[in-house]
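Report on the structure given below.
These values consider heavy atoms only, across backbone and side chains, with no hydrogens, waters or symmetry-generated copies.
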Protein chains: 2
Amino acid sequence: MSASGSRRLGVPPTPGAAWDRSGAWASIPERLREQGLRWTPQRRLLVEVLAQTDGHVTGGELVERCREADTTTIPSTVYRTLDVLEELGLIRHCHGVDGREEFHVLPETEHGHAYCNECGRSWDVEVEEVGAMLASFQERRGFEVDLSHLTVAGRCRDCRGAGGTGEAAVE
Amino acid sequence: MSASGSRRLGVPPTPGAAWDRSGAWASIPERLREQGLRWTPQRRLLVEVLAQTDGHVTGGELVERCREADTTTIPSTVYRTLDVLEELGLIRHCHGVDGREEFHVLPETEHGHAYCNECGRSWDVEVEEVGAMLASFQERRGFEVDLSHLTVAGRCRDCRGAGGTGEAAVE
DNA sequence: GCACTAATTGCAACTAGTCGCAATACGAGA
DNA sequence: TCTCGTATTGCGACTAGTTGCAATTAGTGC
């Protein structure tokens with residue numbers, strides 16, 4: 001495959017302009033149609049599943065949940081719809097430490113992730129924490145970093161044995 | 001994929017601090033045996049292939065090259081041997097933007113990678129460039145970052161210039 | 001309500017990689 | 001040189017995701 005494959009770097013949702021979540025879901029059919037795309041039962045099902053999801057999900061989990069609602073769900077349809085929804089800015093995908101795909105639903109702010117290789121927990125990484133790095137890439141390389149795709153692997157405080165709390169663990 | 005093979009662009013390997021590569025390879029059999037592991041023909045083949053490799057390779061490419069030398073090569077054996085060699089520190093693996101595994105042979109310094117989503121090129125990211133981020137993770141979260149596993153995705157200078165889609169997309 | 005056409009789906013085959021298990025064979029010790 | 005324990009291999013099945021293609025169908029125009 002080529003790096004420019006089906007997964008384009010869509011323009012991310014503007015962070016400040018916090019979306020009305022329910023509104024965002026409701027407008028999907030017309031937003032699709034505006035672009036000559038279609039609103040199908042399969043897409044509606046996935047959107048319903050997504051609307052009940054908070055935080056991160058893997059593609060496999062989404063396929064699973066769709067299949068619970070409709071046993072005839074086909075994985076390739078789910079993954080293709082996920083691509084379309086990502087282009088619409090409703091979800092963002094990134095890769096966990098193991099390289100597996102993960103999706104964020106309606107990311108309110110662009111953020112990256114930190115994963116602990118040992119316990120497998122993950123944390124959101126906000127722009128402030130890596131702002132200097134982003135700026136340095138911009139200046140030194142002219143490189144525009146896609147924060148939502150940033151995955152930082154390593155060992156968390158707990159696993160290093162330093163004691164302390166695993167704040168805001170996601171999983 | 002059009003641009004396969006090793007792509008090391010931008011920051012070149014540190015010229016002075018070169019290891020004695022042949023020495024590192026030569027000591028593998030005994031290093032394995034020291035740990036109660038074994039030196040097999042399959043492992044020797046993979047090590048030979050690796051010794052002729054510079055920069056980054058995907059697992060698939062390695063399987064391919066081993067198969068060229070020995071058509072009976074089994075993928076799972078290659079991947080398992082890769083794990084063993086990583087434990088020995090002879091290679092490091094990371095994940096490209098598409099989540100696919102990539103291996104570095106004999107990494108001279110711990111480094112991360114920057115990938116351009118559009119042209120697919122990649123660059124090494126040395127510790128100086130992300131030092132502040134590493135330190136901040138350490139202090140604020142007690143999190144020890146594994147730099148060699150860091151993949152920064154985004155758009156490179158050339159693609160931002162050529163694409164002309166405007167810097168307005170940056171958030 | 002009907003026809004048309006291009007977007008979408010379902011399917012099957014494929015890529016990349018992992019895992020469990022029985023058979024093989026490395027290499028330490030006799 | 002032979003024996004033996006166990007690391008490793010080969011294999012087949014499986015997970016996660018992608019792709020090409022023919023059949024289906026959403027949605028526009030009449």
Side-chain angles (χ1 to χ4, degrees), chain A residues 1-8 28-47 56-67 69-88 91 93-103 120, chain B residues 1-2 4 28-47 56-67 69-88 91 93-103:
Chain A
M1 71 161 273
S2 74
S4 58
S6 51
R7 259 161 200 142
R8 290 192 327 101
I28 296 175
E30 53 192 85
R31 291 185 60 202
L32 284 168
R33 282 191 276 258
E34 270 165 26
Q35 298 185 39
L37 305 175
R38 292 173 187 176
W39 183 235
T40 67
Q42 293 84 349
R43 289 184 176 176
R44 193 178 55 227
L45 173 58
L46 178 58
V47 166
H56 315 113
V57 237
T58 64
E61 272 163 8
L62 290 170
V63 171
E64 191 72 13
R65 293 191 207 168
C66 286
R67 223 196 284 270
D70 177 357
T71 53
T72 67
T73 298
I74 301 296
S76 58
T77 300
V78 173
Y79 287 109
R80 280 187 285 219
T81 302
L82 252 7
D83 283 348
V84 171
L85 296 178
E86 184 157 15
E87 258 162 70
L88 250 49
I91 54 172
H93 88 279
C94 61
H95 298 275
V97 251
D98 53 1
R100 208 150 285 176
E101 264 188 328
E102 283 198 3
F103 296 87
Chain B
M1 170 146 169
S2 43
S4 60
I28 297 175
E30 53 193 84
R31 292 185 59 200
L32 284 169
R33 281 191 277 259
E34 271 165 25
Q35 298 186 40
L37 305 175
R38 291 171 186 179
W39 183 235
T40 67
Q42 294 83 349
R43 289 183 176 178
R44 193 178 56 227
L45 173 58
L46 178 57
V47 166
H56 315 115
V57 238
T58 64
E61 274 163 6
L62 290 170
V63 170
E64 190 73 13
R65 293 191 206 167
C66 286
R67 222 195 286 270
D70 178 356
T71 53
T72 67
T73 299
I74 300 297
S76 58
T77 300
V78 174
Y79 287 108
R80 282 187 285 219
T81 302
L82 252 7
D83 285 346
V84 171
L85 296 177
E86 184 156 16
E87 257 160 70
L88 251 50
I91 54 173
H93 88 279
C94 61
H95 298 275
V97 250
D98 53 2
R100 209 150 286 178
E101 263 188 330
E102 284 199 2
F103 295 87

Worksheet item: Please give, in whole Å, the distance from D:dG10 P to B:Arg43 CZ?
Response: 11 Å
Worksheet item: Is B:Thr40 near enough to D:dT9 that one of its side-chain N or O atoms lies under 4.0 angstrom from OP1 or OP2?
Response: yes
Worksheet item: Between the side chain of B:Gln35 and the main-chain N/O of B:Leu32, is any donor-acceptor distance below 3.5 Å?
Response: no
Worksheet entry | Distance below 4.0 Å between A:Arg33 side-chain N/O and D:dG27 OP1 or OP2 | yes
Discussion item. Counting distance alone, no hydrogens or angles: does the base of D:dG17 have a donor or acceptor under 3.5 Å from a partner atom on the side chain of A:Arg80?
Written reply: no
Practice prompt. With A:Leu62 as reference, evaluate A:Ile91, A:Thr81, A:Val57 under the side chain to side chain contact (heavy atoms under 4.5 Å, CB included) test and give the passing residue.
Written response: A:Val57
Worksheet item: Where do A:Thr73 and A:Cys66 come nearest, in terms of heavy atoms and distance?
Response: OG1-O, 3.3 Å
Discussion item. Applying a 4.0 Å non-hydrogen cut-off, can you work out what B:Gly99 is touching in the nucleic acid: base, sugar-phosphate, or nothing?
Written reply: nothing
Worksheet item: What is the distance from CZ of A:Phe103 to P of D:dA16, rounded to the nearest Å?
Response: 13 Å
Worksheet item: Got A:Leu46 and A:Leu85 here, is their nearest side-chain heavy-atom distance under 4.5 Å?
Response: yes
Worksheet item: Rounded to whole angstrom units, what separation is found between the CZ atom of B:Arg100 and the C1' atom of D:dA16?
Response: 11 Å
Worksheet item: Which whole-number value in Å describes the distance from A:Leu62 CG to D:dT15 C1'?
Response: 16 Å
Worksheet entry | B:Glu87 CD: over 12 foreign heavy atoms closer than 6.0 Å | no
Practice prompt. May I ask you to evaluate whether B:Thr77 reaches the phosphate of D:dG10, defined as a side-chain N or O under 4.0 Å from OP1 or OP2?
Written response: yes
Worksheet entry | Contact under 4.0 Å: B:Gln42 side-chain N or O vs D:dG10 OP1/OP2 | yes
Practice prompt. Using only side-chain N and O atoms of A:Tyr79, determine if any of them is under 4.0 Å from OP1 or OP2 of D:dT18.
Written response: no
Worksheet item: Are B:Glu102 and B:His56 close enough that some pair of their side-chain heavy atoms sits under 4.5 Å apart?
Response: yes
Item to complete: Report the C-alpha separation of A:Glu86 and A:His93 in whole Å, then their side-chain angles, then the decisive distance to 0.1 Å, and conclude whether the side chain to side chain donor-acceptor pair (under 3.5 Å) test is met.
Response: CA-CA 8 Å; A:Glu86 184 157 15; A:His93 88 279; 3.0 Å; yes
Worksheet entry | B:Leu37 CG to D:dT9 P, straight-line distance once rounded to whole Å | 10 Å
Discussion item. Tell me the bend of the helix from C:dG1-D:dC30 to C:dA30-D:dT1 as the angle between end helix axes, each from five pairs, rounded to the nearest 10 degrees.
Written reply: 10°
Discussion item. Could you tell me the boundaries of the chain A footprint on DNA chain C, defined by atoms under 4.0 Å from its heavy atoms?
Written reply: C:dA6 to C:dC11
Worksheet entry | Out of D:dT9, D:dA26, D:dT18, whichever nucleotide has its closest atom nearest the side chain of A:Pro41 | D:dA26
Worksheet item: In whole Å, what is the span from the CZ atom of A:Arg38 to the C1' atom of D:dT28?
Response: 9 Å
Worksheet item: Got a second to check how far B:Ile28's CD1 is from B:Arg43's CZ, nearest 0.5 Å?
Response: 11.0 Å
Item to complete: Report the distance from atom CG of B:Leu88 to atom CG of B:Asp83, rounding to the nearest 0.5 Å.
Response: 12.0 Å
Item to complete: Measure from the side-chain N and O atoms of B:Arg33 to the backbone N and O of B:Arg38, and report whether any donor-acceptor pair falls under 3.5 Å.
Response: no
Worksheet item: What is the distance from CH2 of A:Trp39 to P of D:dG27, rounded to the nearest Å?
Response: 10 Å
